[in-house]
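FYI, side chains are in, hydrogens and waters are out, and symmetry mates aren't considered; it's all heavy atoms of this structure. Sequence lines set the chain letters: A, B, ... in the order given, protein chains first and strands last, and positions in each chain run from 1.
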Amino acid sequence: DTGVSQDPRHKITKRGQNVTFRCDPISEHNRLYWYRQTLGQGPEFLTYFQNEAQLEKSRLLSDRFSAERPKGSFSTLEIQRTEQGDSAMYLCASSLALETAPTDTQYFGPGTRLTVL
Amino acid sequence: AQSVTQPDIHITVSEGASLELRCNYSYGATPYLFWYVQSPGQGLQLLLKYFSGDTLVQGIKGFEAEFKRSQSSFNLRKPSVHWSDAAEYFCAVGARSNTGKLIFGQGTTLQVKP
């Protein structure tokens, strides 16, 4: 078990550029979450997948944001036409959700720190 | 709506002293409760969780937390703090629905004095 991995760890971009982040979950996990964390704040939920289906999106996820999990394994988060306000740490988490269990426990990756100049 | 409040933004304790980090939640029923720790520039590591049953839960690194329904609290404690415990601590609540998403508090930064 290698844990949740994210790539890249750091990304610096200019305003207006597109960026894409990748998350590789723990291999047997069926759920994958994306959160955003700004300086001095706790993480805020963006979206999550169960297998390849995107089941919930936050209002924080504007039209410029899109997430995919095409084969139910890794996921990508793309931000189009980046703005300075998009600067944040983007965290990915995965979990194993079972019908017999009351809830799932999320395990987080190291995050991708985005800086928009 | 669900919410989590961590009243203390910053706490400083001496090494070897006891620690209590406060967490209050707002939720219509008994939620699922979590404490995570984040070291600078890193992701979040799960310390402990409460789903049901015994209201005193034990976690990793010598931490424990107690769920108090009457006070809507889930405070984190450690009897003797080590310098390596310096980090940011987040309390989170999960809904008793099937979405699984977590609502986090603002976090408490712990500084440990030698």
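Of the atoms belonging to L55(A), not a single heavy atom falls under 4.5 Å from chain B. Heavy-atom distances place the side chain of L46(B), and not its backbone, under 4.5 Å from chain A. Only the side chain of K49(B) comes within less than 4.5 Å of a heavy atom in chain A; its backbone stays farther off. The part of Q38(B) that comes within reach of chain A is its side chain, from C-beta onward, which places non-hydrogen atoms under 4.5 angstrom from that chain.
Linking ILVMFWY side-chain heavy atoms closer than 4.5 Å, directly or via other members, places Y89(B) and F74(B) in a single hydrophobic cluster. Transitive grouping of hydrophobic side chains (ILVMFWY, heavy atoms separated by less than 4.5 Å) keeps F49(A) and L91(A) in distinct clusters. No continuous path of hydrophobic side-chain contacts links W34(A) to F34(B) [ILVMFWY only; heavy atoms under 4.5 Å]. In the hydrophobic cluster analysis, where Ile, Leu, Val, Met, Phe, Trp and Tyr join through side-chain heavy atoms closer than 4.5 angstrom, F45(A) is grouped apart from F65(A). The hydrophobic cluster containing I60(B) also contains L110(B), counting ILVMFWY residues as joined when their side-chain heavy atoms lie under 4.5 angstrom apart, directly or transitively.
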Candidate pair F51(B) and T105(A), rule side chain to side chain contact (heavy atoms under 4.5 Å, CB included), full reasoning: CA-CA 10 Å; F51(B) 287 173; T105(A) 299; 3.7 Å; yes
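Between the CG atom in L102(B) and the CG atom in D104(A) there is a gap of 8.0 Å [rounded to 0.5 Å]. To the nearest 0.5 Å, atoms CD (E44(A)) and CD1 (I103(B)) are separated by 9.0 Å. Put simply, NZ on K101(B) and CZ on R31(A) are 12.5 Å apart, with the number rounded to the nearest 0.5 Å. Between Y35(A) atom OH and F104(B) atom CZ the span is 5.5 Å, to the nearest 0.5 Å.
Atom CD of E68(A) is surrounded by 12 or fewer heavy atoms from other residues, nucleotides or ligands within 6.0 Å. Environment of CG in L56(B): crowded, with over 12 heavy atoms of neighbouring residues, nucleotides or ligands closer than 6.0 Å. Within a 6.0 Å sphere centred on CG of L60(A), heavy atoms belonging to other residues, nucleotides or ligands number more than 12.
Scanning residues 106-117 of chain A against chain B with a 4.5 Å heavy-atom cutoff picks out Q106(A), F108(A), G109(A), P110(A), ordered by number.
Most heavy-atom pairs under 4.5 Å with chain A: of the set T109(B), V4(B), L44(B), this distinction falls to L44(B). Most heavy-atom pairs under 4.5 Å with chain B, from the set H10(A), E56(A), M89(A): that is E56(A).
Applying the side chain to side chain contact (heavy atoms under 4.5 Å, CB included) criterion to T38(A), with sequence neighbours excluded, gives Q41(A), A88(A). Residues satisfying the salt bridge (charged side-chain N to carboxylate O under 4.0 Å, His left out) criterion with R64(A), sequence neighbours excluded, are E83(A), D86(A). Remark: E66(B) pairs with R77(B) by the salt bridge (charged side-chain N to carboxylate O under 4.0 Å, His left out) rule, at least two apart or across chains.
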